[in-house]
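Notes follow once the structure below has been shown.
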2 protein chains.
Amino acid sequence: MTSAPSLTLHHYPFHPASRAARLALGEARLAFSETIVKPWEADCPLSRLSPNGMPPVVEVHERGQTLVLVELDAILGWLEDRAPEPFLLPADPAGRAEVRRLVAFFERRFTDEVDGVLLHERMEKALMRLGPPDAKQLRAGRETLREHIALLEVLAGERDWLAGRRMSAADLVCAAHLSVLDYFGEVPWKQAPALKEWYSKIKSRPTLRPLLSDRFPGVMPSAHYTDLDF
Amino acid sequence: MTSAPSLTLHHYPFHPASRAARLALGEARLAFSETIVKPWEADCPLSRLSPNGMPPVVEVHERGQTLVLVELDAILGWLEDRAPEPFLLPADPAGRAEVRRLVAFFERRFTDEVDGVLLHERMEKALMRLGPPDAKQLRAGRETLREHIALLEVLAGERDWLAGRRMSAADLVCAAHLSVLDYFGEVPWKQAPALKEWYSKIKSRPTLRPLLSDRFPGVMPSAHYTDLDF
C-alpha cells in the first residue's frame with residue numbers, strides 16, 4: 001500500500017463543479033484540506049495554479065511531488081485512475097458511455113443554459129454587484145430547467161441511480177448542480193417525484209452533508225434545503 | 001483478437017467536437033462510415049440517438065450489440081478504454097491531468113468564448129439565415145482568440161506536443177477547433193510561430209487530410225487552409 005497523498009481542494013462552495021469535486025473526494029474517502037476561492041476577485045490566488053483561474057483545483061502532494069489537477073475532468077479522472085477498481089465509472093462500456101454523456105451534459109449544456117442564467121441572476125449578480133435579478137431571464141432559466149428536469153425525471157424513474165444500477169459520477173455532478181439551485185429554491189421538485197426520491201437518497205450520504213451547511217451571504221436556504229426527508 | 005467493430009460517426013464537418021471525434025477515430029485506425037447531420041434542422045435524425053440532438057455521436061455495432069456514444073467525452077473515453085495501451089492519454093498522472101485540463105478548456109471555455117462568438121458570426125448565422133456577421137462581435141471574438149492563442153503559443157514553444165512529449169487528445173481537440181477557425185481565416189498564425197509549427201506537424205498526419213477537403217457552402221477556405229507547408 002502507498003501512503004495517503006496530502007490533498008488541498010480549492011473551491012467555491014456554491015460553484016457546481018466545485019461541489020462535484022468535493023463530493024468525489026468525499027466518496028473516495030480521501031482526507032483533504034480546503035481553501036475557499038473567489039475567482040471573480042482580482043487577487044484570487046487560484047490564478048497562480050490554474051491558467052483559467054477557475055475552481056475546482058486540487059493540489060496533490062505525494063512522495064515529494066506536487067500534482068495540480070485543474071478542471072473537474074482532471075480531478076474525476078485522477079480519482080478513477082488511482083482507484084483499485086471502477087469507482088465513479090461503471091465497468092461496462094455502455095455504463096461508462098452513459099456516465100460520460102451525463103457528466104458532459106451537466107458540465108456543458110446544463111451549466112450554460114441553466115446555471116449560466118438562473119445562478120447568474122440569483123448568485124453571481126449579488127457577488128459581483130451587478131444589480132437585481134432580471135425577471136425575464138429568471139423566467140427563461142426556469143423554463144429551461146423544467147425541460148431538463150423532465151428528462152432527468154425519466155432517468156430517475158427507470159434506474160436506481162441516474163446512469164444505472166450503481167452510483168456514479170453522473171449522480172455526483174447532478175447533485176452538485178441541483179443542490180446549488182435547491183439552496184435558492186429553484187428546483188421544481190413537485191414536477192419530478194422520482195428525481196426527488198433520488199435526491200433524497202443521495203442527500204443522505206455523509207459526503208453531501210458538508211454542502212448542506214454552506215450559507216450564501218444574505219440568502220437563507222430554501223425551507224427543505226437541509227431536510228433529508230423533504 | 002476480437003473482430004473489428006462496425007462504426008458509424010454522425011457528425012457535422014465544421015463542428016469542432018465532431019472534427020475531434022473524426023480525428024480520434026482516425027488515429028485509432030478504426031474504419032467508420034459517416035453520416036453528416038445538420039442539428040439545426042428540425043428533422044435531424046440525431047434526435048433519435050442523442051437526447052441533446054448534437055453531434056458527434058458514434059454508433060458501435062459489435063458482437064450483435066449496439067452501443068451509442070453521445071458526446072465527445074464518451075467517444076474519447078471509449079477509444080481509450082479499449083486501447084491495449086495508453087492511446088490519447090499519456091501514462092503518467094501529470095500528463096493525464098494536463099491532457100484532461102486542455103480538452104476541458106477547449107470543449108468549454110474556448111467553445112463558449114471563441115467558437116460561440118466567431119463561428120456563430122461567420123458560420124451559424126449563414127447556416128441558420130440569421131443575417132450578416134456583427135462587426136462588434138467579430139472584434140470581440142478575435143480579441144479573445146488572440147488571448148487564448150498567446151497561451152497556446154507558450155505551450156507549443158515549450159513542448160513537442162501541446163500537453164507533453166506525445167501526441168494526445170489535447171492536440172486533436174485543439175487541431176479540431178483551430179482548423180475550423182483556420183478555414184475562415186481567423187487564426188492569427190503570425191502571432192504564434194511555435195503554434196504554427198505544431199499545426200503544420202499535425203496537419204500533415206493522414207487523419208487530418210479528410211478535414212482539409214471539407215467545403216463550407218459559399219465560403220472558400222483561407223489561402224493556406226490545405227497547404228501543409230503554410
Side-chain angles (χ1 to χ4, degrees), chain A residues 5 17 49-54 56-60 62-63 65-82 86 89-113 116 147-148 150-152 154-155 163 169-170, chain B residues 5 17 49-54 56-60 62-63 65-82 86 89-113 116 147-148 150-152 154-155 163 169-170:
Chain A
L49 288 172
S50 157
N52 78 9
M54 281 295 289
V57 171
V58 172
E59 285 183 275
V60 182
E62 197 167 22
R63 296 183 217 101
Q65 296 208 304
T66 298
L67 176 64
V68 182
L69 306 170
V70 176
E71 297 273 5
L72 178 61
D73 285 346
I75 297 166
L76 293 176
W78 179 78
L79 289 171
E80 202 65 38
D81 287 343
R82 73 192 303 281
L89 279 177
D92 64 301
R96 295 169 82 82
E98 181 64 349
V99 173
R100 287 167 174 147
R101 174 183 83 80
L102 284 165
V103 170
F105 161 74
F106 277 104
E107 287 306 303
R108 274 200 51 75
R109 188 153 175 188
F110 195 92
T111 297
D112 286 351
E113 294 183 357
E147 291 167 18
H148 290 316
L151 290 173
L152 294 170
V154 174
L155 298 185
Chain B
L49 288 172
S50 157
N52 78 9
M54 282 294 290
V57 171
V58 172
E59 285 183 275
V60 182
E62 196 167 23
R63 295 185 217 96
Q65 296 207 307
T66 298
L67 175 64
V68 182
L69 306 170
V70 176
E71 296 273 3
L72 178 61
D73 285 347
I75 297 166
L76 293 177
W78 179 78
L79 289 172
E80 201 64 38
D81 287 344
R82 74 192 304 279
L89 280 177
D92 64 300
R96 295 168 83 82
E98 181 65 349
V99 172
R100 287 166 174 149
R101 173 183 84 78
L102 284 165
V103 170
F105 160 75
F106 278 104
E107 286 307 303
R108 273 200 52 73
R109 189 153 175 188
F110 196 92
T111 297
D112 286 352
E113 295 183 357
E147 291 167 19
H148 291 316
L151 290 173
L152 294 170
V154 174
L155 299 184

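Note that the structure is predicted; figures quoted are calculated from it, not measured. A note on names: the letters A, B, ... follow the listed sequences, proteins ahead of strands, and every chain is numbered from 1.
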Proximity breakdown for B:V103 and chain A, heavy-atom pairs closer than 4.5 Å: neither
Chain B contact via A:S50 - side chain, backbone, both or neither, heavy atoms under 4.5 Å: neither
Leading residue by heavy atom contact count with chain B [cutoff under 4.5 Å; candidates A:D112, A:L69, A:L151]: A:D112
Kindly list each side-chain donor-acceptor pair under 3.5 angstrom involving residues 70-78 of chain A, sequence neighbours excluded, with atom names and distances?
residue: A:E71; atom: OE2; partner: A:N52; partner atom: ND2; Å: 3.2

Distance-minimising heavy-atom pair for A:A97 and B:L67: CB-CD1, 4.4 Å
Top contributor to chain A contacts, counting heavy-atom pairs under 4.5 Å, from B:V68, B:D81, B:T111: B:D81
Side-chain heavy atoms of B:R101 within contact of A:P51, under 4.5 Å: yes
Residue, of A:E107, A:Q65, A:M54, A:E98, that accumulates the most heavy atom pairs under 4.5 Å with chain B: A:E107
Contact class of A:R108 relative to chain B, heavy atoms under 4.5 angstrom: both
